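Throughout, residue positions are numbered sequentially from 1 according to the sequence presented. Because the structure is predicted, anything quoted here is derived from the model rather than measured.
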Amino acid sequence: MKLKELQSLMQDITVFDNPKVELEQYPTGPHLASRLLFTVDNAYNEFEGKVVADLGCGTGMLSIGAAMLGSLHVIAIDIDEDALHTAQSNCEQFEGLQIDLVQCNISQLQSVSAPLWADVVIMNPPFGTRRKGADLEFLRAAFQISRGSVYSLHKSSTRQYIQKVAMQQLKAKSAEVLAQLRYDLPSTFAFHKQKSRDIEVDLWRFEVSE
């Protein structure tokens with residue numbers, strides 16, 4: 001699938017109606033999401049026939065895109081019931097997508113009766129600006145679930161720290177920045193003074209050790 005086609009298909013996916021500041025619910029729009037997914041698919045063919053997990057799936061933008069690109073099964077996980085309701089409505093716009101929505105705190109994923117696993121994890125986690133360490137909490141959960149690779153967005157300003165955590169603490173086989181993207185962050189909450197703000201983010205690819 002070409003990038004323009006993927007972005008066009010994702011245009012009608014609804015984002016947050018009432019985003020929650022404590023969860024850093026910034027929308028992953030179709031422009032950014034389609035480029036993330038296209039880069040992963042085009043360079044590594046990570047979706048076709050694979051089980052994919054989307055941590056902090058929000059309204060399902062990345063999950064739906066991954067399913068469109070041929071994923072065998074997508075597990076979309078979020079703690080927020082309202083976001084999952086919107087994600088369910090978004091999924092119903094498209095026929096034949098194999099997506100399961102799961103309400104769960106990512107810190108408790110491995111304590112459920114049947115621990116989740118995936119070939120690939122994709123995510124746009126909180127940046128950790130409202131709750132320090134939230135980005136790393138998601139990264140650790142992703143390494144627990146994935147049997148192969150993890151793709152994640154993190155602020156470019158944290159690049160050296162993310163590299164250190166991945167290689168030294170999480171024992172990644174590799175940690176590589178695939179692309180630097182511009183996240184057009186709209187004015188979402190009352191404390192935002194600008195209409196929008198561009199934030200530089202890194203698209204990371206991590207290989208998980210066996």
Is there a side chain to side chain contact (heavy atoms under 4.5 Å, CB included) between Ile106 and Glu137 once you walk through the steps?
CA-CA 8 Å; Ile106 57 100; Glu137 185 178 12; 3.5 Å; yes
Evaluate the criterion side chain to side chain contact (heavy atoms under 4.5 Å, CB included) for residue pair Met10 and Ile13; output intermediate values, then yes/no.
CA-CA 6 Å; Met10 299 174 72; Ile13 299 175; 3.9 Å; yes
What residues, two or more places apart in sequence or in another chain, satisfy ring-ring contact (aromatic ring centres under 6.0 Å, His included) together with Phe206?
Phe143, Trp204
Would you confirm whether Ser146, through its side chain, and Ser149, through its main-chain N or O, come within 3.5 Å as a donor-acceptor pair?
yes
Residue set satisfying side-chain hydrogen bond (donor to acceptor under 3.5 Å, both in side chains) with Glu92, at least two apart, ordered chain then number -> Gln88
Ignoring hydrogens and angles, tell me if any N or O in the side chain of Ser156 forms a donor-acceptor pair with the backbone of Glu200 under 3.5 Å.
yes
Would you say Met167 ends up clustered with Leu178 if hydrophobic residues are merged whenever their side chains have heavy atoms under 4.5 Å apart, either directly or through other cluster members?
no
Decide side chain to side chain contact (heavy atoms under 4.5 Å, CB included) for Leu153 and Leu32; before the verdict, give the C-alpha distance in whole Å, the side-chain angles of both, and the deciding distance to 0.1 Å.
CA-CA 10 Å; Leu153 291 173; Leu32 178 67; 3.9 Å; yes
Are any side-chain N or O atoms of Gln180 and backbone N or O atoms of Asp202, one a donor and one an acceptor, separated by less than 3.5 Å?
no
According to side-chain hydrogen bond (donor to acceptor under 3.5 Å, both in side chains), who are the partners of Glu5, at least two apart in sequence or on a separate chain?
none
After noting the C-alpha distance and the side-chain angles of Glu46 and Val120, does the key distance pass the side chain to side chain contact (heavy atoms under 4.5 Å, CB included) rule?
CA-CA 7 Å; Glu46 288 276 33; Val120 182; 3.5 Å; yes
Is the backbone N or O of Thr14 less than 3.5 Å from a side-chain atom of Asn90, with the two atoms forming a donor-acceptor pair by type?
yes
Keeping the roles fixed (side chain from Ser34, backbone from Pro30), state whether a donor-acceptor pair exists under 3.5 Å.
yes
Which atom of Ala83 lies closest to which atom of Asp78, heavy atoms considered:
CB-OD1, 4.4 Å
